[in-house]
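Below is one structure, written out as structure tokens, with a few remarks after it.
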Protein chains: 2
Amino acid sequence: MQFDEAKNKFVQTWGALGSQWGINKTMAQIHALLMVSKDPVSMEDIMQELQISRGNASMNLRGLMDWGIVYKANKPGERREFFIAEKDLDELATKIAKERSKREIKPALKVLKEVSAVEGDKSEEAKHFVEQTKKLYEFVASADEMIDKVTEYKDNWLGKLMIKIFK
Amino acid sequence: MQFDEAKNKFVQTWGALGSQWGINKTMAQIHALLMVSKDPVSMEDIMQELQISRGNASMNLRGLMDWGIVYKANKPGERREFFIAEKDLDELATKIAKERSKREIKPALKVLKEVSAVEGDKSEEAKHFVEQTKKLYEFVASADEMIDKVTEYKDNWLGKLMIKIFK
DNA sequence: TTAAACTTTCAAAAATAATTGAAAGTTTTT
DNA sequence: AAAAACTTTCAATTATTTTTGAAAGTTTAA
């Protein structure tokens, strides 16, 4: 396979994957592009390579920066802004995990706690509801906590260790 | 909070969460509803509670069954079909992890392997591309493997152990 | 075997999400 | 301080996804 073809395939695949994970296609494609680019990339280049509008590029770059996985990079002597992706994969995983926890898991936990506190109703239905939502709360909370701990260890020794243990 | 209100809030929240995770809202809502229902639920009831059409209910139930997290249940003496959700959370997590691995991670790994094998081009750009995609392959493969191992242990002793260790 | 009870399918419609592009906003240069 | 170089915003448009509902399909009961 040729370089250009491979690069394109990678960007496309990463984009398609993104949309299955609640990240929009263009955002994932931009991220993919930056991940495999050696040097900082300008907005112009991104528009060009992905054939998207200026507005689209701008908004999705902003989104990626909000996730903390893409940064602005200034090239000396250049007026325009360039962009680079977080390329350290452990760091990338940590950021994504932290951000998803903050945006999605924590709010969900709040709701689970609320609804599992339903009072008064002593029907079987209500009892079962409380039981299930409590279990769910415990489960999600401990999963969240585990992810937190694991991602703290940036050098990934834990992952390597576990794979050894369970092989 | 009253039972009905709580139940509704739970279903809504779970639905909204689902759509951030690439699962559609209705599918997640049906799942939520079944999760907290003591007894098997008929399609009629689902349509009624979620105010959705028959076709919609049918298709999304099928989707949930494809994921292996909802089953048909026949009530004796009843003609129609009823549905129940997998309620064991470790089992649920295992199924979801396995299915996502199969549907998303494995195909992505295949592409990563392909594109990282780009040949011939000895430009700096191409070298960097190969390096990054190889790293990505390793990372994703080991994450996938780890998830596999962890989900094998259904009793969750591992999670509990880790939380103890890292507290 | 026919009717009744129920489920699935799928083309069309509706709802939602992403994208564009030009105007407004910024920052830098002259 | 005006122009130039660039970025952001957002209303309108376009694309995608979801939903509907009625027809076709299936299974059970009479």
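As the structure is a prediction and not an experimental result, all values here were calculated from the model. Side-chain atoms are counted along with the backbone in the values below, which use heavy atoms only and exclude waters and symmetry mates.
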Go through [options] for me and flag the one nearest to the [X] side chain.
| X | options | result |
| --- | --- | --- |
| S53(B) | dG21(D), dT8(D), dT9(C) | dG21(D) |
| M43(A) | dT8(C), dT20(D), dT8(D) | dT8(D) |
| K72(A) | dT19(D), dT9(C), dT8(D) | dT8(D) |

To the nearest angstrom, how far is [X] atom [atom1] from [N] atom [atom2]?
| X | N | atom1 | atom2 | value |
| --- | --- | --- | --- | --- |
| E78(A) | dC6(D) | CD | C1' | 12 Å |
| M59(A) | dT7(D) | CE | C1' | 13 Å |
| E81(A) | dT27(C) | CD | P | 10 Å |
| R62(B) | dT26(D) | CZ | P | 13 Å |
| Q29(B) | dT18(D) | CD | C1' | 12 Å |
| I52(B) | dA15(C) | CD1 | C1' | 15 Å |
| N56(A) | dG21(C) | CG | P | 11 Å |
| M47(B) | dA22(D) | CE | P | 12 Å |

Is it the case that the side chains of Q20(A) and W21(B) hold a donor-acceptor pair, with the cut-off being a distance below 3.5 Å and no angle test?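 Per modelled atom types, W21(B) and Q20(A) side chains form no pair under 3.5 Å.
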Regarding D144(B) and S101(B), do their side chains bring together a donor and an acceptor under 3.5 Å, going by distance alone?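 There is such a pair (donor and acceptor under 3.5 Å, judged by atom type) between the side chains of D144(B) and S101(B).
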Heavy atoms only, 4.0 Å cut-off, all strands: where does N24(B) land among base, sugar-phosphate and nothing?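 Sugar-phosphate, backbone atoms only, no base.
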Think R79(A) has a side-chain N or O under 4.0 angstrom from the OP1 or OP2 of dT7(D)?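 For dT7(D), neither OP1 nor OP2 has a side-chain N or O of R79(A) closer than 4.0 Å.
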For dT19(D), does either OP1 or OP2 sit under 4.0 Å from a side-chain N or O belonging to T26(B)?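 Yes, T26(B) has a side-chain N/O under 4.0 Å of OP1/OP2 on dT19(D).
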Mapping M65(A) and K25(A) onto DNA chain D by nearest heavy atom, which one lands closer to the 5' end?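 The residue mapped nearer the 5' terminus is M65(A).
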Centre-to-centre under 6.0 Å for Y71(B) and F83(B), is that the case here?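 No, the ring of Y71(B) stays outside the 6.0 Å limit from the ring of F83(B), centre to centre.
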Basic-acidic side-chain contact under 4.0 Å: E125(B), K38(A):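 Salt bridge flag = no for K38(A) with E125(B).
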Side chain of R54(A), base of dT20(C): donor and acceptor closer than 3.5 Å?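 Donor-acceptor pair under 3.5 Å: no.
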Quiz item: R80(A) side-chain donor-acceptor pair to dT7(D) base, under 3.5 Å: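 Counting by modelled atom types and ignoring angles, no donor-acceptor contact under 3.5 Å is found here.
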Main chain of S37(B), side chain of K87(B): is a donor-acceptor contact present, judged purely on distance under 3.5 Å?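 Yes: the side chain of K87(B) pairs with the backbone of S37(B).
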